[in-house]
Amino acid sequence: MSLDKHQMAALIARDIPHGAYVNLGIGRPTLVADHLPADSGVVLHTENGMLNMGPAAKGDDVDPDLINAGKIPVTELPGTSYFHHADSFAMMRGGHLDVCVLGAFQVSAGGDLANWHTGEPDAIPAVGGAMDLAIGAKSVYVMMTLFAKDGSSKLVPECTYPLTGVGCVDRVYTDLATFLITPSGIEVRETFGITLDELRARVPVPLAG
Amino acid sequence: MSLDKHQMAALIARDIPHGAYVNLGIGRPTLVADHLPADSGVVLHTENGMLNMGPAAKGDDVDPDLINAGKIPVTELPGTSYFHHADSFAMMRGGHLDVCVLGAFQVSAGGDLANWHTGEPDAIPAVGGAMDLAIGAKSVYVMMTLFAKDGSSKLVPECTYPLTGVGCVDRVYTDLATFLITPSGIEVRETFGITLDELRARVPVPLAG
Amino acid sequence: MSAKIYETAADAVAGIEDGSTVLIGGFGMAGMPVQLVDALIDQGAADLTVVSNNAGNGDTGLAALLAKGRVRKVVCSFPRQVDSWVFDGLYRAGKIELEVVPQGNLAERMRAAGAGIGAFYCPTGVGTPLAEGKETRMIDGRTYVLEYPIKGDVALIGAHRADRMGNLVYRKTARNFGPVMATAARLVIVQVSEIVETGDLDPEAVVTPSIYVDRVVTA
Amino acid sequence: MSAKIYETAADAVAGIEDGSTVLIGGFGMAGMPVQLVDALIDQGAADLTVVSNNAGNGDTGLAALLAKGRVRKVVCSFPRQVDSWVFDGLYRAGKIELEVVPQGNLAERMRAAGAGIGAFYCPTGVGTPLAEGKETRMIDGRTYVLEYPIKGDVALIGAHRADRMGNLVYRKTARNFGPVMATAARLVIVQVSEIVETGDLDPEAVVTPSIYVDRVVTA
């Protein structure tokens, strides 16, 4: 069976090392937090200036001064620290985060990432911290469905959407398979409800089994 | 009569605008602090990470964690802030200090400063924050005797000692005269116990009266 | 010592000139200096370049400034939001310029302006449309893009508390761009929830030292 | 959560390799991690490059490390002090290399290493012997020198308090180079006066976030 988004999030959560410093991109990657065990020691970073972010705030805990990068009210955990934007992005860009998990429109065989702009001429461009996250973390994990709504593969020989970062993606977690991007090409770590041959037939990139 | 170092310090103190943010270089320039009136509103910066430094610490007030750039124990005043070295030098280099007062071996007609190295071949070079201070403050005042022990002028057409900064000095306070360095040359603002003609005879730089 | 404390937001924004580059703090609404932006609307300065992370939310604050036609250009990382209809309309009508800057570059370029850095080689954006036409350089096997400082004529900042000298502390993630913008503008205007006596802020916990602050008003 | 807390300074400095670049905090003795430097002497790593503001005082700490012949090169802003006889002797005997760096460049170059900046154009030192042979560029009518990051394999830092996650606060001007060095080295080792429970430091006042800290020991 293919994975739903919660199963994908759980799979990623299981792969994050104990005690890692992690940034979860806005959207689906934030689901990963729900699957981290209580004793994971994982510390969440949000690029708007906070380490050791807690779960979303509810009810009386909502504080307009305490939000995540998606502008959703969150909470703080013991051991939180706050810092300004230049310090926060220095932390990201300086390679101090262990893992970041991002959504994507496309990932190329060489690990290029496209996740900020569909390239449509009338779209208003908006990048936020995506380009900084893409090049900053020690490991960049992408979380996405393998195929777009029109059935085309989002794992591609070369991205056709405008790039977010070049050669920055290490792993791609999808509903149908997990891919490792290595210097010698893409390796399929595991599949879900699909065979390697079926994958090879539908994904226009060489896949090592 | 020529000025002694305390009179020079008093003269500089009088010229510092109300409420200015000021760095006093190590050595004689620190004397300027003793002559600032209590209501001057002047805020002293020390490049090792502090604004609103107070007077030297005495007796029980001595705290090895609270020192100035000359490594002398000092005190804090209400409204002090501490910051790390990169932030402290960003403050200097970014042009936020109103005035810094520095000692000098030589100042050139064009405002070049030499104050860090005598150029002797066996001298161990040591620059500290001198080059950062020289280029950072909005106004750089030099405090020095006008003549060296051998009688030579320290105000020179071109510095012969290794430079600290190029074209960075705005004013030179000496025991015998105060000089303003302007785009059109050096102007003598006032003299002490010496005539302008005597000055011109001994200082090898054109002096406007 | 209290020369920096202003009675009203109108007094605090007096003198901002047409054509100014105005840095406006905040990430969404957290840290947004709403009262100062409202005062700037009343003050009337036009032909502004606004540098801020977003391009206004709803119909108030920065969005209202845009709606009044006072802004020539927006420099930001993320203009497109669910409630950014004012900006969206102006942009699609060709009535406003937009420079999209990666969020980290926005912060670092203002930091460079404040720190006296002339330009810096940055790893973000290499090979992307946002680096097109920019100088690049390979250093130690990695490619970098050359980025230049963003200086402000004015910064409008929302902080938590100020003392009467102008030292500032912020609150939680509302800190965001405030401390960096305070270093990057010639005239720094701050709205705070509370002004305390000088000496009442912990010197170890001051985030923006008083040297960076010109005018403070309670909002 | 307490994987970062070490029992002894000897444990904390274990594994530092010959040939390492070691960043050592402190400005004079303020913030100097004396116990860690002593432990490094016992640990035995040699052929080190030491980056620190000064080049040792008296006969202890960094001066003792130099006296043992463990240091190949010193990168600092101010080696020459009244009590720097150990360094002075080695230098005059040609037994140690010296790179003198303006203090602001020392700080900013380490900050660049920590922040992922490939190089930066800096106003300090232009036209002086310390910029000789370096690339320069005119930007907006001002000349700048191109400066590169200083990265450490290890940083040894003295701070005031840590919590069990590794968040740090400093004390007064002993803060100096610690926070910058913590960002610039692969392995960051800290001595503190006191370790407190996680949650006991004010999140608004943490100066070095836990992400930068690998090992903490009470000294």
Side-chain angles (χ1 to χ4, degrees), chain C residues 31 102-105 107-126 131 134-151 159-161 167-176 178-180 183 201-209, chain D residues 31 102-105 107-126 131 134-151 159-161 167-176 178-180 183 201-209:
Chain C
Q103 201 169 134
N105 288 10
E108 187 73 14
R109 288 174 66 188
M110 289 191 281
R111 191 223 171 237
I117 301 299
F120 58 91
Y121 288 100
C122 172
T124 296
V126 172
K134 296 192 174 188
E135 199 174 324
T136 61
R137 181 188 291 232
M138 180 86 86
I139 299 169
D140 261 352
R142 189 175 192 189
T143 306
Y144 295 84
V145 181
L146 186 61
E147 294 286 350
Y148 290 88
I150 298 176
K151 293 187 177 71
H160 181 44
R161 287 199 182 95
N167 290 299
L168 304 180
V169 295
Y170 299 81
R171 192 165 172 279
K172 303 187 186 283
T173 58
R175 185 183 302 197
N176 59 67
V180 183
T183 71
L201 296 179
D202 176 2
E204 305 282 3
V206 167
V207 173
T208 294
Chain D
Q103 202 169 131
N105 288 9
E108 187 73 14
R109 289 173 65 188
M110 289 190 281
R111 192 227 171 234
I117 300 301
F120 57 92
Y121 289 100
C122 172
T124 296
V126 172
K134 296 191 175 188
E135 199 176 324
T136 60
R137 180 188 291 232
M138 179 86 86
I139 300 169
D140 260 353
R142 189 174 191 188
T143 305
Y144 295 84
V145 181
L146 186 61
E147 295 286 350
Y148 290 88
I150 297 175
K151 293 187 177 71
H160 181 45
R161 288 199 181 95
N167 290 298
L168 305 180
V169 295
Y170 299 80
R171 193 166 170 279
K172 304 187 185 282
T173 58
R175 185 184 300 196
N176 58 67
V180 183
T183 71
L201 297 179
D202 176 2
E204 305 282 3
V206 168
V207 173
T208 295

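Quick note: numbers below take in every heavy atom, side chains included, and nothing from hydrogens, waters or symmetry partners.
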If you compare all heavy atoms of D/Y170 against all heavy atoms of C/E204, which two are closest, and at what distance to 0.1 Å?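 Of all heavy-atom pairs spanning D/Y170 and C/E204, the closest is O-OE1, 3.7 Å.
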Contact leader toward chain C among D/R142, D/K172, D/R137, where contacts are heavy-atom pairs under 4.5 Å: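 The candidate making the most pairs under 4.5 Å is D/R137.
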At a heavy-atom distance under 4.5 Å, which candidate from D/P203, D/G116, D/A205 has the highest pair count against chain C?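 Ranked by contacts with chain C, first place is D/G116.
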To the closest 0.5 Å, what do you measure between OH (D/Y121) and OH (C/Y148)?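 Nearest 0.5 Å value for the OH-OH distance: 7.0 Å.
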Under 4.5 Å heavy-atom distance to chain C, tell me which part of D/E147 shows up: side chain, backbone, both or neither.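 Neither the backbone nor the side chain of D/E147 comes within 4.5 Å of chain C.
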